[in-house]
**Q** 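Here you go, one structure.
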Amino acid sequence: MRSVRASAPQLAAIEPYDPKYIPADVMISANENSLDVPFEIRREIEHEIRKVPFNRYPDPLANDLRDMIAEANGLDRDQVLMGNGGDELLFDLALAWGGPGRTFLNFPPTFSVYRNNAQLTNTAIVDVARKEDFSLDEEAILARLAQGDIDYAIVTSPNNPTGGLATGNIVRAMLEASDALIMVDEAYFEFSRYTVRPLLEEHDNLVILRTFSKAFSLAGVRMGYLLGNSAVLNEFKKVRQPYSVDAVSQAIARIVYANRAQFEKGIDAIIEQREVVFDALNSLEGVSAFPSDSNYILFKLDERIDAGKVWADLLEAGVLVRDFSRSAGLENCLRASIGTPEENERFLQELVRIVNMT
Ligand code: PMP
């Protein structure tokens, strides 16, 4: 049998994305919504799916959804673009604005997918690290942008996994510091109730990423979207897979979006529970939680406690959180999504038991 020649050289530095998704009683590792789509909405979805012709290609741009989202955001159809989850649109960003000889400005610690996409597309990466409290280093960012060689940057607001918001002022300053395309990743914006959407009126180099995976309980369906100016989105259209958003997902997302007001109560509950979990974590000796505007909380264990071991002990007790303890800038940190009150209580109980034993 012939051996196989090596894959593209840029893959050597890349590990396949592994969310470490292990079945557990309490799944609070992936920032999902613990509550599935309400039963009545699921019934409506089933009815809608019955009408989908499976033998025909879907509408490639999902124009019905674009119209709904455009209307809700005071925009036109050509200022909205759908994707197979936010992930596809993040990849498309690297394809369209990255590449050999191009440069991506990253603000670690943040979502690791950005870096991977840059590596995959042979895009140079410039890091401007966050400050100790994980806020953005505005001075350093603006100075770096002013050099004029940055092609695109991604500002995550709220940031994953650290939880804090980027304010409109810092985003505006970035938009004015250069002509780089600035993506603001608002995957979790419904939990902060804060958006930089107003900045779109005056800034052609802004594009906003959103997703149905979190607030709208559709992580399993894969639906994300961009808001931006039509010329920018036209470049995304050139690199996207024509049929990435399938007909069934389009039908599901239409019904969910039409019923989005029904998700508000669940979002309120998560915001309320976030305070409960934050206070409980900070009242524990040896644990400090970072303030969050999102549906998860990052917390750091002091050096006497091995976070990797706490992660394993929690899993043993049926609670899956995310282990960042070996990630640069996040040493000895774990992240827990905000679940239902019962899930949060079980997580906190087990954490108290485990930390008190060490
Ligand atoms: N951006 C951030 C910051 C995320 O955390 C995620 C999901 N983990 C995404 C984008 C992409 O989400 P999805 O592909 O499910 O829309």
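Whatever order the structure lists ligands and atoms in, that order sets their numbers, starting from 1. Scope of the values below: all heavy atoms of this structure, side chains included, with no hydrogens, waters or symmetry mates.
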**Q** Could you pull out the closest heavy-atom pair between Ser249 and Val221, with the gap in Å?
**A** OG-O, 3.1 Å
**Q** Flag yes if more than 12 heavy atoms outside Glu275 fall under 6.0 Å of its CD atom; otherwise flag no.
**A**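 Buried by this count: over 12 neighbours within 6.0 Å.
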**Q** Determine, considering heavy atoms only, which of Ala219, Ala30, Gly86 sits nearest to atom 13 (P) of ligand 1.
**A**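 Comparing heavy atoms across Ala219, Ala30, Gly86, the nearest one to atom 13 (P) of ligand 1 lies in Gly86.
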**Q** Of Tyr225, Phe91, Tyr188, which has the heavy atom at the shortest distance from atom 5 (O) of ligand 1?
**A** Tyr188
**Q** Can you report which non-hydrogen protein atom sits closest to atom 14 (O) of ligand 1, along with the distance?
**A**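 Among all protein heavy atoms, the one nearest atom 14 (O) of ligand 1 is Arg222 NH2, 2.6 Å.
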**Q** Quick check on contacts: which atoms of ligand 1 are under 4.0 angstrom from a heavy atom of Ala187?
**A** 1 (N), 2 (C), 10 (C)
**Q** Tell me the protein heavy atom at minimum distance from atom 3 (C) of ligand 1, and give that distance in Å.
**A** Asp185 OD2, 3.3 Å
**Q** Once you restrict to heavy atoms under 4.0 Å, what part of Glu88 touches ligand 1? Side chain, backbone, both or neither.
**A** neither
**Q** Identify whether NZ of Lys or CZ of Arg in Arg274 sits under 6.0 Å from the centre of the six-membered ring of Phe191 and within 45° of that ring's axis.
**A**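 Checked: cation-pi criterion not met.
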**Q** Applying the side chain to side chain contact (heavy atoms under 4.5 Å, CB included) test to Met27, which of Leu320, Ile22, Val319 qualifies?
**A**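 Looking at Leu320, Ile22, Val319, the match for Met27 under the side chain to side chain contact (heavy atoms under 4.5 Å, CB included) is Leu320.
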**Q** When you measure from atom 7 (C) of ligand 1 to every protein heavy atom, which one gives the shortest distance, and what is it?
**A** Lys214 NZ, 3.3 Å
**Q** With a cutoff of under 4.5 Å between side-chain heavy atoms, which Ile, Leu, Val, Met, Phe, Trp and Tyr residues group with Phe290?
**A** Phe134, Leu298, Phe324, Leu330
**Q** Please report which non-hydrogen protein atom sits nearest to atom 15 (O) of ligand 1, along with the residue it belongs to and the distance in Å to one decimal place.
**A**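 Looking only at protein heavy atoms, the one closest to atom 15 (O) of ligand 1 is Ser213 OG, 2.6 Å.
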**Q** Should Arg346 and Asp25 be marked as a salt bridge (charged side-chain N to carboxylate O under 4.0 Å, His left out) after you check the CA-CA gap, both sets of side-chain angles, and the distance that decides it?
**A** CA-CA 10 Å; Arg346 168 110 179 255; Asp25 292 349; 3.1 Å; yes
**Q** Could you tell me whether Tyr114 and ligand 1 have an N or O pair separated by under 3.5 Å?
**A** no
**Q** What is the minimum heavy-atom distance between Asp323 and Gly308, and which atoms define it?
**A** OD2-CA, 4.0 Å
**Q** Of the side chain and backbone of Thr156, name the one, both, or neither that has a heavy atom under 4.0 Å from an atom of ligand 1.
**A** side chain
**Q** I'd like to know whether the aromatic ring centres of Phe299 and Phe278 sit less than 6.0 Å apart in this structure.
**A**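 That pair fails the under 6.0 Å test.
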**Q** Identify which of Phe212, Phe111, Tyr296 has a heavy atom lying nearest to atom 4 (C) of ligand 1.
**A**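 Looking at heavy atoms only, Phe111 sits closest to atom 4 (C) of ligand 1.
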**Q** Please list, in number order, the atoms of ligand 1 under 4.0 Å from a heavy atom of Gly85.
**A** 14 (O), 16 (O)
**Q** Using atom types as modelled, flag every donor-acceptor pair under 3.5 Å from a side chain in residues 350-358 to any protein atom, sequence neighbours excluded.
**A**
from: Glu350; atom 1: OE1; to: Arg353; atom 2: NE; distance (Å): 2.9
from: Glu350; atom 1: OE1; to: Arg353; atom 2: NH2; distance (Å): 2.8
from: Asn356; atom 1: ND2; to: Val352; atom 2: O; distance (Å): 3.2
from: Thr358; atom 1: OG1; to: Ile354; atom 2: O; distance (Å): 3.2
from: Thr358; atom 1: OG1; to: Val355; atom 2: O; distance (Å): 2.8

**Q** Taking distance alone, with no angle check, do Asp87 and ligand 1 share an N/O pair under 3.5 Å?
**A** yes
